[in-house]
2 protein chains.
Amino acid sequence: MDPKLKAYFESTLKEVSIDCVIFGFHEGELKVLLLKWKGTEGWSLPGGKIYLEESVNDAAVRILQERTGLKEIFLQQFYTFGGNDRYKNMDKAALFRKLEWAFGADFYDEKYMKRHVSLGYMALVEFEQVVATPDWYTDECMWCEISAIPELLFDHNEMVEVALKALRRQLSYQPIGYNLLPEKFTMPELQRLYETILGKQLDRRNFQKLMLSYDILEKLPEKRTGGAFKAPFLYRFDKEKYDRAMREEILFAI
Amino acid sequence: MDPKLKAYFESTLKEVSIDCVIFGFHEGELKVLLLKWKGTEGWSLPGGKIYLEESVNDAAVRILQERTGLKEIFLQQFYTFGGNDRYKNMDKAALFRKLEWAFGADFYDEKYMKRHVSLGYMALVEFEQVVATPDWYTDECMWCEISAIPELLFDHNEMVEVALKALRRQLSYQPIGYNLLPEKFTMPELQRLYETILGKQLDRRNFQKLMLSYDILEKLPEKRTGGAFKAPFLYRFDKEKYDRAMREEILFAI
DNA sequence: GCAAAAGTGTTAGACATACACCCATGC
DNA sequence: GCATGGGTGTATGTCTAACACTTTTGC
């Protein structure tokens, strides 16, 4: 095995790791960042290990930064996966044969390849700002529409589902959008975001009234020009009020 | 060190453990089960380790059963604690001196006393049915009112707070009470439960109307006799409808 | 009879929902 | 001009929230 990889294994927790469901919003679609494992056709969520003296939240921030280049974004734990059958839908032997081919004959070492508990973190990122970067295990990145996710390695399909459910639930008591949209955005864009996450259509006029009633948006004098049809106004989140709404968990009746 | 304890250490995950915030409701008070560590005056939450081939959820069920005698109750993950400073408010050296006194000179073995990631589970139990039982480390159990919890070991005070917050949040999209109340209960008792968890007073008449509107309660012909004043009716949860409401996460506007 | 707890009903107002009309832009 | 998307306003009905009266029970 590569000595650097070995050193990484030695300096990190062995039984615990982190997997991130990184949500981005682009062209009216909610997408998730996936990585393709070297030497295989298998895709997985971005993940990583925790250094011995690192808090798990710090590790999640670090991993997210390594994969997207972004710091200070919305990132939170949503569930911890600790089934003893997390490989159940896979041909584990075949996978590890391929991985040994890519990483060296002693990659599959019992010392490192123990049963893992995985902390699921979800991140909401501004799609345009992400510079997706593969990690040690992987050689390709892909933004995949939430509705067209292929079969993933391990229990990562379940992770995406649980993350999405947590995200939807969160929508009912916290605002969303600050980390998923560019600084300035239009009301229809915000609505599209909500519709995509919730998976249902919303009334244009009622949505606007509701959003404005929460008093977290600032209407700008500018409009989004260039597009076809009537130019919509631009809005911006009032960060202070937005953060307060996040903290106080105001009920968002949507 | 005791060979049985050593064997337990060898057969469990070393970096991960489980801590349980076990809520019970008694005499109009929400209470939490605490354990006192042998040889110390320190209190902590009930917890335990995960066997190598056991899923974390199974481990949580097992630990809960060991401490309360109860099975098939409400139990769920609420957060995973992975700070690298989880001992920060304690005199760690003094604690371990006391523990070595109680467990043997080699209790504090670097091999076992690593940095731990702790999975927080919360349980809602029927107070009357619990037979509280200390574990390996502890020699005393106590039900402690939520408002009068002493300073606990490790980061367990924070755990209780986070659990309580999660419980309150959950109240807004799921019914509660099935596992906290006896089979038959009165509307004022149910209301007291909600008031205790939410930490605020509710209107008697509106509460009743709201609860009945969710169609998960069955009004019984009997009344709670024996008490002073007018005898209140007894109710029972319709388990099927209750479970459906849990699954569908109907919004409980309380 | 009185105080305290419980049962039941009413009413005003807020809010969600549904819907209508006008404006801007490209073809 | 027309199709399409966007801005704004209004009416209706439902549900929440505040509140009143009656009944039961022990002292």
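Every chain is numbered from 1, with letters handed out A, B, ... down the list of sequences.
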Q) If each of B:Arg205 and A:Ala231 is mapped to the nucleotide of DNA chain D with the nearest heavy atom, which maps nearer the 5' terminus, i.e. the 5' end? A) A:Ala231
Q: Check the distance between D:dC15's C1' and B:Tyr214's OH and give it to me in whole angstrom.
A: 11 Å
Q | salt_bridge(B:Lys184, B:Glu222) N-O dist < 4.0 Å | A | yes
(Q) Given the structure, check if the side chain of A:Arg204 and the base of D:dG7 hold any donor-acceptor pair shorter than 3.5 Å. (A) yes
Q.
Checking the side chain of B:Glu128 only, and the main-chain atoms of B:Pro182 only, is there a donor and an acceptor separated by less than 3.5 Å?
A. no
Q: Can you tell me the distance, in whole Å, between the CE atom of B:Met187 and the P atom of D:dT24?
A: 19 Å
Q. Can you tell me how far C1' of D:dG6 sits from CD of A:Glu189, to the nearest Å?
A. 12 Å
Q) Just how far, in rounded Å, is P of D:dG6 from CZ of A:Arg224? A) 11 Å
Q | Aromatic plane relationship, A:Tyr214 with A:Phe252 - under 30° parallel, 30 to 60° tilted, over 60° perpendicular | A | tilted
(Q) What is the distance, to the nearest angstrom, from the CG atom on A:Leu190 to the P atom on D:dG6? (A) 13 Å
**Q.** Residues A:Glu145 and A:Lys31 bridged, charged N to O under 4.0 Å
**A.** no
Q. When we call it a touch if two heavy atoms are under 4.0 Å apart, what does B:Lys219 touch: a base, just sugar-phosphate, or nothing?
A. sugar-phosphate
Q: Give a yes or no on whether a salt bridge exists between B:Glu29 and B:Arg192, defined as a side-chain N under 4.0 angstrom from a carboxylate O.
A: no
Q: Walk along DNA chain C from 5' to 3' and tell me the first and last nucleotide with an atom closer than 4.0 Å to a non-hydrogen atom of chain B.
A: C:dA4 to C:dT10
Q. For B:Phe252 and D:dT16, what is the distance between atoms CZ and P respectively, to the nearest whole Å?
A. 12 Å
Q: Find the distance B:Phe207:CZ to D:dC19:C1' and express it as a whole number of Å.
A: 19 Å
Q: Ignoring hydrogens and angles, answer whether the base of D:dT10 and the side-chain atoms of A:Lys209 contain a donor-acceptor pair closer than 3.5 Å.
A: yes
Q) Are B:Glu249 and A:Arg169 ion-paired here, with the side-chain N under 4.0 Å from a carboxylate O? A) yes
**Q.** Nucleotide D:dG6, atom P - distance to CD of A:Gln208 in whole Å
**A.** 11 Å
Q. Which comes earlier along DNA chain C counting from the 5' end, the contact point of A:Gly226 or that of B:Phe229, where each point is its nearest nucleotide?
A. B:Phe229
Q: Could you tell me how the ring of A:Tyr242 sits relative to the ring of A:Tyr178: parallel (under 30°), tilted (30 to 60°) or perpendicular (over 60°)?
A: tilted
